[in-house]
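What follows is a short report on a single structure.
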Amino acid sequence: MELGDLEEVCMQLITFAGVTKSAYVEAMAARRAGNKDKALDLLKEGKESFAQCHKIHQQMFTKDFKIEKPMQNILLMHAEDQMMACETIYILATELMESYARIENLENKR
């Protein structure tokens, strides 16, 4: 993937992070509704889009971007913040999914 200007790269990161977060949130909802397979598929989808975030992020370090406007710095911070939020949501999603599994097991023992 060829990296364009800083704004374009940041928007790519933000876009992939949005896709990732949506997949994780949908996974939690699917698991809460009892659809374990769909939830696992959505987690996998989220991890794949998050891998794209990491790929772009790593490539950013090989390119010498010149931050010329304050807005570029803010956009970069926002993009990286969105990536960090993805990691947090993934942790929460996997924990919640495990909790739903435990609840189902307890309900099935009655």
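Along the sequence shown, residues carry numbers from 1. All values derive from a computational prediction rather than experimental measurement.
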In this structure, CG of L40 is separated from OG1 of T94 (nearest 0.5 Å) by 11.0 Å

Separation between CZ of R32 and CD1 of I103, rounded to the nearest 0.5 Å: 11.0 Å

Heavy-atom donor-acceptor pair, Q72 side chain to K69 backbone, under 3.5 Å: yes

Joint hydrophobic cluster, V9 plus L75, side-chain heavy atoms closer than 4.5 Å: no

Which distance, rounded to the nearest 0.5 Å, do you find between the CG of D37 and the CG of L42? 11.0 Å

Between H54 and M83, does the side chain to side chain contact (heavy atoms under 4.5 Å, CB included) criterion hold? Intermediate values first, please. CA-CA 8 Å; H54 274 294; M83 283 185 64; 4.1 Å; yes

Residues forming a side-chain contact (heavy atoms from CB on, under 4.5 Å) with Q58, sequence neighbours excluded: none

Hydrophobic cluster membership, Y100 vs L106, 4.5 Å side-chain cutoff: no

Quick check on the hydrophobic clustering: are Y90 and V19 connected, directly or via other members, by side-chain heavy-atom contacts under 4.5 Å? no

Quick check against the 3.5 Å criterion: does S49 have a side-chain atom that pairs as donor or acceptor with the backbone of G46? yes

How about E98: does its CD atom have over 12 heavy atoms from other parts shown lying under 6.0 Å from it? no

Qualifying residues under side-chain contact (heavy atoms from CB on, under 4.5 Å), relative to E48, sequence neighbours excluded: K44

Could you grab the distance from atom CD1 of I14 to atom CG of D81, nearest 0.5 Å is fine? 9.5 Å

If you round to the nearest 0.5 Å, how far is CD of Q12 from CD of E7? 12.0 Å

Least distance between heavy atoms, H57 atom then L13 atom: N-CD2, 4.1 Å

Euclidean distance, F50 CZ relative to I89 CD1, rounded to 0.5 Å: 10.0 Å

May I have the list of side-chain donor-acceptor pairs in residues 23-31 shorter than 3.5 Å, sequence neighbours left out?
from : atom 1 : to   : atom 2 : distance (Å)
R31  : NH1    : E104 : OE1    : 3.3
R31  : NH1    : E104 : OE2    : 2.8
R31  : NH2    : E104 : OE1    : 3.0

Closest non-hydrogen atom pair between C53 and A17, with its separation: SG-N, 3.5 Å

